[in-house]
Amino acid sequence: QSYAVAGGPGTGYSAITRSSIVFNEAGVNGVGPVLRGLRNSIARRGLKGWRNLSERFQQADFRKNGGVMRGDWQRMHRNMGLGLSPEEQELLFRSFSQGRKDGTMDSRECFRAIRGQLDDRRLALVNRLFDFLSQGQGTVLDTAIKERFDAKSTPICLVGAKDARSERQDFDEAVDHFSGGKGFDSEGFASFFTMLSAMYPEEDEFKLITTTVFGIRDANLGGC
């Protein structure tokens, strides 16, 4: 898969896949609440918000090695209106620059930490959806996930907060961006749905996203 945070196809790593280093929000003093606040802020902007965050990291990574300089991080924060205090901006920068010899912030790890993780129940729903869409091939093609996606059945459209056409466009553009045009393996698929999970904190809404929205009845998911 392509590097969806700070580069393009062929750069050798991906912002969407799970890192070999698991960032512990509770392990760094004060960073957990900042990450959760950012996660909620981006999630309120929908998949377009996650894609914009990824693209801004890409633009700020001038060396194409995942590193973002302090000034570029501050400029990116200001342009996106992320709403962090100067102290919070510095806390994140220091937290994700540890261990980097060039003194830059690791945008890959920062993006993954902002995105967060799926709990076991939601991961089970996502894995079963992956099995359904991949048809045993080990990869969900872009065309398969787009064709199955019913925008008008999403919670945000059901309540009239967004029209189906706009939701469809945002979804398709997010799939294109985060898959790099190569589809999703199981890990990338779960990471993509982690962003949707942040957008839909209510359990019934997320279950809808992983079932009805893709034309699947609950019974097909083993009653989970």
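These values consider heavy atoms only, across backbone and side chains, with no hydrogens, waters or symmetry-generated copies. Quick note: residue numbers are just sequence positions, from 1.
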Whether the side chain of [X] engages the backbone of [Y] through a donor-acceptor N/O pair (distance < 3.5 Å, no angle test) should be reported.
{"X": "Arg51", "Y": "Val175", "result": "no"}
{"X": "Thr212", "Y": "Leu208", "result": "no"}
{"X": "Arg122", "Y": "Ser197", "result": "yes"}
{"X": "His77", "Y": "Gln89", "result": "no"}

For a quick test of reading the model, state the closest non-hydrogen atom pair linking [X] to [Y] and the distance between them.
{"X": "Phe171", "Y": "Lys146", "value": "CE2-CA, 4.4 Å"}
{"X": "Val34", "Y": "Glu88", "value": "CG2-CG, 3.8 Å"}
{"X": "Phe206", "Y": "Tyr200", "value": "CB-O, 3.9 Å"}
{"X": "Ala174", "Y": "Leu47", "value": "CB-CB, 4.0 Å"}
{"X": "Asp142", "Y": "Ser179", "value": "OD2-OG, 2.9 Å"}
{"X": "Asn65", "Y": "Arg108", "value": "O-NH2, 3.4 Å"}

Intermediate values then yes/no, salt bridge (Lys or Arg N to Asp or Glu O under 4.0 Å), Glu167 and Lys152 | CA-CA 8 Å; Glu167 180 67 359; Lys152 66 179 182 297; over 6 Å; no
Roughly how far apart are [X] [atom1] and [Y] [atom2], rounded to 0.5 Å?
{"X": "Gln58", "Y": "Leu53", "atom1": "CD", "atom2": "CG", "answer": "12.0 Å"}
{"X": "Gln74", "Y": "Leu82", "atom1": "CD", "atom2": "CG", "answer": "12.5 Å"}
{"X": "Met105", "Y": "Asp72", "atom1": "CE", "atom2": "CG", "answer": "9.5 Å"}
{"X": "Ile114", "Y": "Arg112", "atom1": "CD1", "atom2": "CZ", "answer": "12.0 Å"}

Are Asp102 and Arg63 close enough, and set up right, to give a side chain to side chain contact (heavy atoms under 4.5 Å, CB included), and what steps lead you there?
-> CA-CA 11 Å; Asp102 59 3; Arg63 296 182 180 179; 4.0 Å; yes
Test log, rule salt bridge (Lys or Arg N to Asp or Glu O under 4.0 Å), inputs Glu203 and Lys207 = CA-CA 6 Å; Glu203 293 298 330; Lys207 190 172 185 179; over 6 Å; no
Taking the six-membered ring for Trp, are Phe214 and Phe149 parallel (under 30°), tilted (30 to 60°) or perpendicular (over 60°)?
->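 Taking Phe149 first and then Phe214, their aromatic rings sit tilted (interplane angle of 30° to 60°).
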Does one side chain, of Ser107 or Asp61, offer a donor that lies under 3.5 Å from an acceptor on the other?
->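 On atom types as modelled, these side chains do not qualify, holding no pair under 3.5 Å.
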Same hydrophobic cluster for Leu91 and Leu38, using side-chain heavy-atom links shorter than 4.5 Å among ILVMFWY?
->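 Yes, Leu91 connects to Leu38 through the hydrophobic network.
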Qualifying residues under salt bridge (charged side-chain N to carboxylate O under 4.0 Å, His left out), relative to Glu205, sequence neighbours excluded |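 Scan of Glu205 (salt bridge (charged side-chain N to carboxylate O under 4.0 Å, His left out), adjacent residues dropped) gives none.
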